[in-house]
Each structure stands twice: as C-alpha cells, then as structure tokens.
Amino acid sequence: METESEPYVRLASLRQLHQVMADMNTARSLADTLQTVADGVVTALGYELACVNLVRPDGDLVVAAFSGNPAAEALITGRVGSRDSWERRLAMGETWGDLIFIPHTEGWVLDDDDVPQWYTDGPAPRFEDEWHPSDRLFAPMYTPAAPGSGGACGELIGVLSVDRPRNGRRPGAWGREALQMYAFQAAIAISNARLRANMQRALVRLEREQQALRASEESFRQAFEYAPSGMAIAEMGGDQHGRILRTNDALCRLLGRPASAMRRYSFSDLVHPEDIGTLLRTSAEGGRAELRLGRRDGTYLWVSLRNSVVADAADGPRFLLTHVEDIEDRKRRELQLAHRASHDSLTGLPNSAELRSRLSARLCQRPQSVHPAAVDAMDAAYGHAAFDANGHGFDYRPGGAESFDGYDHHVHTAAPEDGRDDGAKGLAVLFCDLDGFKSINDRFGHNAGDAVLIEVARRLSRQVRDGDTVARLGGDEFVILADGLGRADAADLAVRLRNEIIQPIRAEGRAVRVGASFGIGWAHCGMTADEVLKSADERMYVEKRSRPKQHRRAG
C-alpha cells in the first residue's frame, strides 16, 4: 500500500486490505494461513519483504512463512531464532503503538544474534524519513485478550518482520496503523487456524481410536462368541448384581438353555443350593471356583467358573466376565476316587476310616471341669441356663447339652444312663459280628462268602433310617451309627437287624444262613472314636458269650 496523505486514503487500498484479511480467515490450513499473512503484507501493505516468525512450543521463534524474495525464502524459511534474542529486539528501539522500529543507528548491535534476517539492497538514505537498508520494523502478534482483562495483550504467538516500503520511506501514521491492525487480525487468523488444526488432529486421533476400539470390540466379540468353552457377561453391584447380560453359544449348549432364556437368570438362580456361598465369594472378589450349575433338564453339571472384574475408569467395577468350563468328567473321577478311598470295595458301605471320621465329627473333647463353687454361683444367678454373647442359651455345666468349650454351637453328644429308661436319647453304636460266616467260607469258598457279605450289607442298609450309617469295619464285622435312640429303641433295632440277617441267603446256587451278635455302645463327648468302637465291641463279645452256641448261628 502506497503511503498516502492523511486523511486521504484511496478506496482501492482499503478494498485490497479488506481482501487480504478475508483471505487470511478462509485459508484451509495453518500453513496456508501463515503464507497468506506473509503475502498480504507485500500485496496490500506495500512492503517488499515480509516474514512470519511463529512461536514454537519450546518458546523459540521459527521462520514459518516468507514473501517477496524467493532466494531469501529458500535461505531462511525454517530457521529458528532464540526467544532471548527476540525479547531483546522487542525491548529496544522506538515504539509505534504496538509496533517496534529499530533504526539502523541502533540495529548494528543485533547483527551477530541468532535471529534469521534478510536485508534489501539499496543506497544510503538521503532524507530524514527515508528507509535505510538496515532499518528493522516488527509487528508483534498476540492472542486476543481475554474478556475482563482490560484490553491487555494476550500471549505472544509470533512476530511479523517487514523490510523496505516500496516508496522508500518510513511508514507514516496510516501505514503504521494499517500494519498494526493487520498484525492484530493476523494473530486472530493464526489462532483460529491453530485451533482448527488441533481440532482436525483430535478428530483424526479420535477416529483412529474409534477404529481401534471397533476392531478391539469385534475381536472380543468373535473371541467371546466362538470360544470353545462357555462365557458370560453379568452385571456387578446394585440390585441386579449377577444378572446375566450376554452368553455365548458354548454356554447355552452346556446348560441346554437358549440365550434368550439365559438373560432371565442370574448365576445365583442356576447354582446348586449348596454352592451359593462359593458363588457369592467368587462374584465379589473375582477368581476361580468349582461349583454345580443347573441344566434345563433339572440335572446339575460340575463346572470351573472363573470371574474377571471389568472395571470402568470413572465408575469403578461394572461387569463380571465369566468363563465356564465343563469339569463333569474330572469331578466324576475325583468323586469316584474319593468314594473308593472311603468305602468298602465289596459292599459299597463306608469303610473303617470313613466310619471313624463320621463318628469323630460328632464328638468333642470334654471341657475342663468347672469348679463346684462356680457352678453354685452360676446356678444361683441363672439356674442351669445361661446365655452366650449372642443371646443363645447354653448349659455351663460339664457334659451339659451346650457348653462354652470353644465349639461354636456344638451340641454335645450324651448317652442314656445305664439301668434307666427315662426317655433320654443318644447316639447308639451297634457293633455286629456274623456268626458262622467262617464255615461258609471254608465249605463253599470265598465267592460264596463275598455274596453273603454283600447281602448282609444290603439287608442292614434297608432296615436303618435315612441319615443312619451302616459301615463295614472289616472281615465279617459291621457297625451301625443311629442317632436319637433310647436304650429300648437301640435294643429293638438290634433285634430287627438280627432277624433280617438270619433269613436264608442265596450264595453260589445254594441257600445258606448266618447268625449275628450285636453289642450296643453309646457315644458321648469326651470319648474318642476308637474308645466308642471298643466299648461296643466289648459289649458284642459279652452278648456273644452269653448266648448258647447253637443260637449263635442259623446254619
């Protein structure tokens, strides 16, 4: 733009200035905006050279665009000047509003700094206001001031440096005002272009992340749907904790239930009642558990269930990813091995070790005796009934129905007293020894003897109640544990069992008969399992010796 007298400015100059400002704000990219800013200084403001120095993230300024001289553009574009050098330049010289003018008389001190620069050639000035080749004019560009800041400049984003007006003179009031206004508008255009560039980069990054997320989701979906073992996603926390949201085909086939039906359940609806505690612990903590899940046909299937907590960064744990593996065959083998270890291989009855385990589980060591004075004091205060810390009644006396001996809610096993039939009931232990069994083995062989033992085991099991135990102690000895019997009840049971045993037994194509001797012992806390069995065994021998020999067996 040619320097013109005030207040006369050509309308064409204003139109040209308006056009370059419009071009700045419609450029498609940050690079285009910067080049448009540099070109506009040359085409609309009338300078021979223009350079846009842009502030980098590290604070230094880089030559981002150049206009007016291709040779100079190739030489200095991309070169960097330190922030310290630029701060020194902007702090010296004359201030023309927001512009900084450093005349050639002062600028010589800057010849050796690291700011990239290019000078036009020309003769030394002949007039006072003539432009010297070493004069420097800078237009700092600041981000727009924030509302309420009182008009203070924002952050420095760059500096426009211009060289040699075409008319050869230093810019007058109009030229200075135009350059200052242009720098202000350029700062806005560059800020907007940066914002658009950042938004475009963010959109590209977001799209890439979404593509990666979609690919990850598709990978998970395929891994979930086509996994060879069962998988499910369930809610975690809240009223719907454990509700199944999604299942794969393998789990539906495993449980014989369609996916639509599975979504009506939670795992607690499907688990075996005895395994509900295991499920709840696994659901709360994650991890692995072995439990039984119900199938559509009403049967239960042993599975290995492994839970992983799927956490949300903002809301905490949200879902449970459950992996379900069929372990029915392994569990069946384990149960078979456990059964073989605890049961007699011939008769299928619990063996000696299992018998002692069941008996020991009912017994505890008798607590130390309470001093008589303490008993009298507690009797006076409470009667025989006292209460524990939870409000449960117990009998504090040694051997009482409940005692504070460290067994939580343990009900002590007590025996009916000898010689009395006062209705007291206890755990009867019936020791059974077959009479005449050895002669069957000797006369007819072990196969016949085995057949007799199998039939005796069947008859004994048939005559007892659910919950009673019939065990084979070894050889031709059997033991029956029957709880809640009085002395008369136990004696009647022994008679029924003996009458059942003496009936003819078919063995190896012939009918044989065996007798049975019973000894009735009583289990109570303070005894060991071996002591209880020994007591019943001794009573059995007393009973065997008391009967005439001809009555011991039935032939």
Side-chain angles (χ1 to χ4, degrees), residues 341-344 347 349-371 375 394-435 456-457 460-461 464-465 467-495 497-498 516-547:
S342 61
H343 287 70
D344 176 49
T347 64
L349 296 178
N351 59 18
S352 175
E354 178 67 11
L355 171 68
R356 285 174 166 80
S357 175
R358 295 186 185 185
L359 186 53
S360 297
R362 291 296 312 278
L363 304 173
C364 67
Q365 294 298 313
R366 184 181 297 279
Q368 295 180 355
S369 297
V370 180
H371 193 277
V375 173
F394 66 90
D395 191 332
Y396 56 83
R397 295 168 297 166
E402 300 250 351
S403 182
F404 45 95
D405 55 0
Y407 293 85
D408 186 20
H409 303 298
H410 176 77
V411 178
H412 286 286
T413 300
E417 296 185 17
D418 288 335
R420 296 178 59 184
D421 190 5
D422 55 1
K425 299 181 182 300
L427 176 58
V429 181
L430 284 69
F431 200 107
C432 173
D433 181 77
L434 300 183
D435 299 328
V456 169
L460 290 174
S461 299
V464 299
R465 305 163 302 177
D468 291 345
T469 296
V470 178
R472 184 185 176 199
L473 195 60
D476 61 349
E477 295 178 334
F478 297 84
V479 174
I480 298 92
L481 302 181
D483 202 1
L485 299 185
R487 291 191 174 275
D489 299 328
D492 289 343
L493 177 59
V495 171
L497 295 177
R498 182 184 293 112
S517 297
F518 281 87
I520 303 174
W522 296 92
H524 58 83
C525 290
M527 299 178 68
T528 65
D530 286 335
E531 289 173 344
V532 174
L533 294 174
K534 182 180 178 182
S535 172
D537 185 26
E538 290 173 349
R539 293 174 184 266
M540 183 274 297
Y541 275 108
V542 170
E543 197 267 346
K544 183 185 289 285
R545 287 193 296 269
S546 67
R547 295 170 59 216

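Basis for what follows: all heavy atoms, side chains included, without hydrogens, waters or symmetry-related copies.
Of the inter-residue distances, the one linking Trp522 atom CH2 with Met527 atom CE reads 12.5 Å to the nearest 0.5 angstrom. With rounding to the nearest 0.5 Å, the separation of CZ in Arg362 from SG in Cys525 is 8.0 Å. Distance check, rounded to the nearest 0.5 Å: CG of Asp435 to NZ of Lys544 gives 3.5 Å. Separation of atoms CG (Leu493) and CG (Leu497) is listed at 4.5 Å; rounding is to 0.5 Å. One distance of note links CG of Leu363 with OG1 of Thr528; it measures 8.0 Å at 0.5 Å rounding.
In this structure, Ser461 contributes its side chain and Ala457 its backbone to a donor-acceptor pair below 3.5 Å. Judged purely by atom type and a 3.5 angstrom limit, Arg465 uses its side chain to pair as donor or acceptor with the backbone of Asp483. In terms of modelled atom types and a separation under 3.5 Å, the side chain of Ser357 and the main chain of Glu354 share no donor-acceptor contact.
Under the 4.5 Å side-chain criterion, counting only non-hydrogen atoms from C-beta, Val429 is in contact with Leu481. Looking at heavy atoms from C-beta onward, Val479 lies out of side-chain contact with Leu359 at the 4.5 angstrom threshold.
Take Ala494 and apply the side chain to side chain contact (heavy atoms under 4.5 Å, CB included) test, not counting sequence neighbours, and it matches Leu430, Phe518, Ile520. Every residue meeting the salt bridge (Lys or Arg N to Asp or Glu O under 4.0 Å) condition with Asp530, not counting sequence neighbours, appears here in chain and number order: Arg356. Listed by chain and number, the residues in a side-chain hydrogen bond (donor to acceptor under 3.5 Å, both in side chains) with Thr469 are Arg358 (sequence neighbours excluded). Residues meeting the side chain to side chain contact (heavy atoms under 4.5 Å, CB included) test with Asp537, sequence neighbours left out: Phe431, Met540, Tyr541. Looking at residues two or more places apart in sequence or on another chain, you find a side chain to side chain contact (heavy atoms under 4.5 Å, CB included) between Glu538 and Lys534.
For the pair Lys425 and Asp489, the tightest heavy-atom approach, listed with the atom from each and the gap, is NZ-OD2, 3.2 Å.
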N/O donor-acceptor pairs under 3.5 Å from side chains in residues 470-478, not counting sequence neighbours:
unit_1, atom_1, unit_2, atom_2, d
Arg472, NE, Gly475, O, 3.0
Arg472, NH1, Asp344, OD1, 3.2
Arg472, NH1, Asp344, OD2, 3.1
Arg472, NH2, Gly475, O, 2.9

